[in-house]
Protein chains: 2
Amino acid sequence: MSFTATEENYIKAIYHLQQRLGKAGTTVLAEAMQTRPATVTDMLKKLEAKKLLHYRRYKGFSLTESGNRLALLIIRKHRLWEYFLVHKLGFNWDEVHYMAEELEHISSRELITRLDQFLGKPAFDPHGDPIPDGKGRLKTIRQMNLMTLPLKKILVVQSVRNQSADMLELLNHYHIGIGTKLKVLRRFAFDGSAEIKVDKQPITIISNQVAQNVYCCI
Amino acid sequence: MSFTATEENYIKAIYHLQQRLGKAGTTVLAEAMQTRPATVTDMLKKLEAKKLLHYRRYKGFSLTESGNRLALLIIRKHRLWEYFLVHKLGFNWDEVHYMAEELEHISSRELITRLDQFLGKPAFDPHGDPIPDGKGRLKTIRQMNLMTLPLKKILVVQSVRNQSADMLELLNHYHIGIGTKLKVLRRFAFDGSAEIKVDKQPITIISNQVAQNVYCCI
DNA sequence: ACATATTTTTAGATTAGTCTAAATTTTATG
DNA sequence: CATAAAATTTAGACTAATCTAAAAATATGT
């Protein structure tokens with residue numbers, strides 16, 4: 001069975017909505033797909049006919065087992081291509097999304113297997129999101145320092161590499177400890193400093209040296 | 001201006017027909033596109049409206065300057081991706097065509113620029129066909145097929161004209177690939193077959209059909 | 001040169017993915 | 001619990017790319 005890029009995009013969007021909101025309705029899916037609810041209804045019927053969805057009119061819908069598998073395959077392709085674009089072609093992690101949106105629909109499975117191999121079977125993409133393996137399994141946690149983690153996501157501090165007294169003094173000042181929740185709002189190219197919002201604290205700036213030593217998960 | 005994959009495929013097919021046959025008619029283009037002449041006529045009008053074609057009904061058509069540029073860009077993408085698939089992912093040269101047919105429609109120009117860089121700006125793809133550079137220029141090496149080249153000289157295989165899976169299978173059997181060194185020892189008038197010595201292989205015979213498709217330089 | 005064959009175009013229909021407007025079902029509220 | 005609001009679906013239409021069948025233009029062969 002093969003699917004159009006549009007069908008694949010619907011499946012991916014439904015997967016992400018189910019992950020984030022627990023469920024998904026026609027209207028919310030229409031917003032996610034930048035289209036109208038009527039259009040979504042038509043597509044739901046088509047996806048049901050292809051056995052990717054359970055669907056009962058007016059009641060709701062959810063991915064079938066094979067819908068779920070397809071979603072994970074598309075996400076796998078997307079994230080492997082993002083990894084390739086950043087780590088092999090030298091793009092910045094904020095430039096690669098729209099390219100990966102196209103590349104994820106290239107059909108060959110063998111291509112993805114070989115790409116995965118070529119990249120060293122990475123478990124996380126450049127945004128820190130986990131890459132499903134060949135069987136659709138996800139690694140759940142990843143720790144990276146504040147320089148490499150995505151902006152505007154809630155991060156939980158997991159570890160601090162340099163644990164000198166001087167460093168800990170500074171972290172205390174920022175009210176940063178293990179388990180602290182924070183967001184990186186902005187990075188400044190000039191000196192690698194970063195604007196952050198620590199839970200319940202005012203917005204502030206940390207230096208590059210600090211940011212490189214603070215490891216978080218998403 | 002952006003184009004659908006179908007439009008791009010028509011432009012590419014017209015370019016190749018013009019190169020190989022000097023001109024192209026509706027019927028011949030329909031065969032190349034595996035569709036009907038009526039469908040081709042509709043598309044010709046669309047491509048004319050997009051200024052990729054000169055078209056006069058019943059009289060014929062040819063690529064405009066921008067049509068030509070687009071064709072060369074698509075061919076560039078196709079051949080760079082083939083190079084990537086063979087030299088980075090380890091595919092055989094007879095496995096990559098269909099994947100490249102999809103990859104050539106990925107839109108980002110920056111992606112192609114970076115891919116070109118990453119691959120070391122190759123001038124020839126794994127089949128020996130020249131890769132247009134960023135400005136659409138092609139390296140042309142004087143190549144002749146095995147029927148027209150002198151006997152008993154060391155020849156280097158540069159390209160293979162018929163790139164069907166059947167042909168590539170046969171060439172693999174002979175251990176002939178791009179860059180292979182060989183000599184033509186003798187030609188037989190009866191059926192146009194040729195006795196050849198492929199580098200490190202025993203002396204063997206190839207048919208006229210094969211000889212006509214293998215292009216070498218001295 | 002003129003009838004016939006070939007090529008090309010037109011006309012009208014089909015499918016996928018989309019739209020708007022209207023109708024229907026479910027949910028929430030007074 | 002009746003009714004208003006919200007969500008969802010249906011109906012009918014549009015565009016791109018395709019088809020078949022038929023008409024029109026061009027090319028060919030004695």
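Order of the sequence lines sets the chain letters (A, B, ...), proteins ahead of strands, with each chain counted from 1.
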Inset, instruction - Would you mind reading off the distance between A:Met43 atom CE and C:dT15 atom C1', rounded to a whole angstrom? - result: 13 Å
Inset, instruction - State whether a side-chain donor-acceptor pair under 3.5 Å links B:Ser193 with B:Asp191. - result: yes
Inset, instruction - Mind calculating the distance between CG (A:Leu44) and C1' (D:dT9) to the nearest angstrom? - result: 11 Å
Inset, instruction - Taking only the side-chain nitrogens and oxygens of B:Thr4, find out if one of them lies under 4.0 Å from OP1 or OP2 of D:dA16. - result: no
Legend entry - Quiz item: cation-pi between B:Lys88 and A:Phe84, 6.0 Å / 45°: no
Legend entry - All pairs passing side chain to side chain donor-acceptor pair (under 3.5 Å) where residues 53-67 of chain A contributes a residue, at least two apart: A:Thr64-A:Ser66
Inset, instruction - Between protein and nucleotides 10-15 of chain D, map the contacts as a letter string: B base, S sugar-phosphate only, - none, heavy atoms under 4.0 Å, written 5' to 3'. - result: B-----
Inset, instruction - On DNA chain C, check which nucleotide each of A:Lys59 and A:Glu7 is closest to and give me the residue with the more 5' one. - result: A:Glu7
Legend entry - Interatomic distance, B:Arg56 CZ vs D:dA24 P [rounded to whole Å]: 21 Å
Legend entry - Stretch residues 11-31 of chain A: residues that reach within less than 4.0 Å of DNA chain D through a heavy atom: A:Gly25, A:Thr26, A:Thr27
Legend entry - Flag side-chain contact, heavy atom, 4.5 Å: A:Leu146 against A:Leu149: yes
Inset, instruction - Check whether the side chains of B:Glu169 and B:His173 place a donor and an acceptor atom closer than 3.5 Å, and report yes or no. - result: no
Legend entry - Set of residues satisfying ring pair (Phe, Tyr, Trp, His ring centres under 6.0 Å) with respect to B:His127, sequence neighbours excluded: B:Trp93
Legend entry - C:dT20 phosphate, OP1 or OP2, under 4.0 Å from A:Arg36 side-chain N/O: yes
Inset, instruction - Could I get the full list of ring pair (Phe, Tyr, Trp, His ring centres under 6.0 Å) partners for B:His87, not counting sequence neighbours? - result: B:Tyr83
Inset, instruction - Report yes if a side-chain nitrogen or oxygen of B:Tyr10 is closer than 4.0 Å to either non-bridging phosphate oxygen (OP1 or OP2) of D:dT18; otherwise report no. - result: yes
Legend entry - Partners passing side chain to side chain donor-acceptor pair (under 3.5 Å) against B:Arg161 (at least two apart in sequence or in another chain): B:Tyr215
